[in-house]
Amino acid sequence: MFGFSPVSAAVGGAMIGLGVALLWIVNGRVCGVSNIFGSIVSGNWADLSWRLLFIAGLPLGAAAALLVGPRLLADMAPGLPELDMSPALLVGSGILVGIGAALARGCTSGHGVFGLANLSLRSFVAVGVFMATAVLTVFVAGA
């Protein structure tokens with residue numbers, strides 16, 4: 001894959017881990033994007049300000065990365081996969097992911113980053129199912 005290197009993966013992973021750790025240490029909150037977003041959508045507005053700031057920070061972080069490295073997206077574009085699916089299938093897939101994250105009580109970020117670091121058995125099971133499903137999808141879809 002173009003643009004991938006073990007160093008960039010390690011730096012990116014370390015930055016994600018640092019962000020999760022900072023949210024836990026400073027705010028005492030678990031970093032699970034689906035739960036943070038889901039609580040906003042469901043009307044649980046008890047801690048609305050930090051949740052909105054976190055969600056807003058996701059695209060702003062990407063924008064900041066592009067400001068630091070303006071050629072970052074152009075350099076990575078040839079290595080990015082193309083989405084060759086109908087909009088209906090894309091929406092259906094997104095709905096299934098949302099339902100799965102709700103059933104698992106967390107998504108890949110919550111279980112994969114925070115849960116594994118917290119040695120949560122539930123997260124180990126969830127990540128194992130995520131990974132097995134991803135591998136199966138690659139074989140079925142031929143991606």
Side-chain angles (χ1 to χ4, degrees), residues 1-138 141 143:
M1 173 182 279
F2 188 82
F4 171 79
S5 75
V7 173
S8 65
V11 170
M15 292 180 76
I16 291 171
L18 180 62
V20 170
L22 280 175
L23 185 61
W24 175 256
I25 292 167
V26 173
N27 205 13
R29 302 295 181 171
V30 172
C31 182
V33 176
S34 63
N35 284 333
I36 292 170
F37 183 75
S39 66
I40 294 171
V41 174
S42 69
N44 179 9
W45 296 347
D47 300 322
L48 185 63
S49 60
W50 78 265
R51 294 175 194 274
L52 286 174
L53 287 172
F54 183 88
I55 295 297
L58 296 173
L60 291 176
L66 288 175
L67 286 175
V68 172
R71 294 229 9 107
L72 185 64
L73 193 57
D75 290 345
M76 291 180 59
L80 296 176
E82 291 184 28
L83 282 178
D84 187 22
M85 64 173 51
S86 70
L89 185 58
L90 191 58
V91 169
S93 300
I95 289 171
L96 287 175
V97 169
I99 292 170
L103 289 173
R105 301 188 69 197
C107 61
T108 52
S109 63
H111 284 298
V113 178
F114 186 84
L116 292 182
N118 202 25
L119 302 178
S120 164
L121 177 61
R122 184 177 72 170
S123 293
F124 278 101
V125 172
V127 169
V129 173
F130 295 155
M131 296 300 290
T133 305
V135 169
L136 182 65
T137 301
V138 167

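One is the number of the first residue; the rest follow in order along the sequence.
You'll find the side chain of V127 stays beyond 4.5 Å of the side chain of T108, heavy atoms only.
For I99, the side-chain contact (heavy atoms from CB on, under 4.5 Å) criterion is met by I95, L103, not counting sequence neighbours. For T133, there are no side chain to side chain donor-acceptor pair (under 3.5 Å) partners, not counting sequence neighbours. Under the rule for a ring pair (Phe, Tyr, Trp, His ring centres under 6.0 Å), the partners of W24 that lie at least two apart in sequence or sit in another chain are F114.
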Determine all donor-acceptor pairs shorter than 3.5 Å in which one atom belongs to a side chain in residues 28-37; sequence neighbours excluded.
from : atom 1 : to   : atom 2 : distance (Å)
R29  : NH1    : D47  : OD2    : 3.3
R29  : NH2    : D47  : OD2    : 2.6
S34  : OG     : C107 : N      : 3.3

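Under the salt bridge (charged side-chain N to carboxylate O under 4.0 Å, His left out) criterion, no residue pair touches residues 7-22, with sequence neighbours excluded. Identified under the salt bridge (charged side-chain N to carboxylate O under 4.0 Å, His left out) test for residues 88-105, with sequence neighbours left out: none.
Annotation: M85, atom CE; neighbour count of heavy atoms from other residues, nucleotides and ligands within 6.0 Å is above 12.
Distance alone, capped at 3.5 Å, places no donor-acceptor pair between the H111 side chain and the F130 backbone.
Atom CG in L48 sits 9.0 Å away from atom CG in L53 (nearest 0.5 Å).
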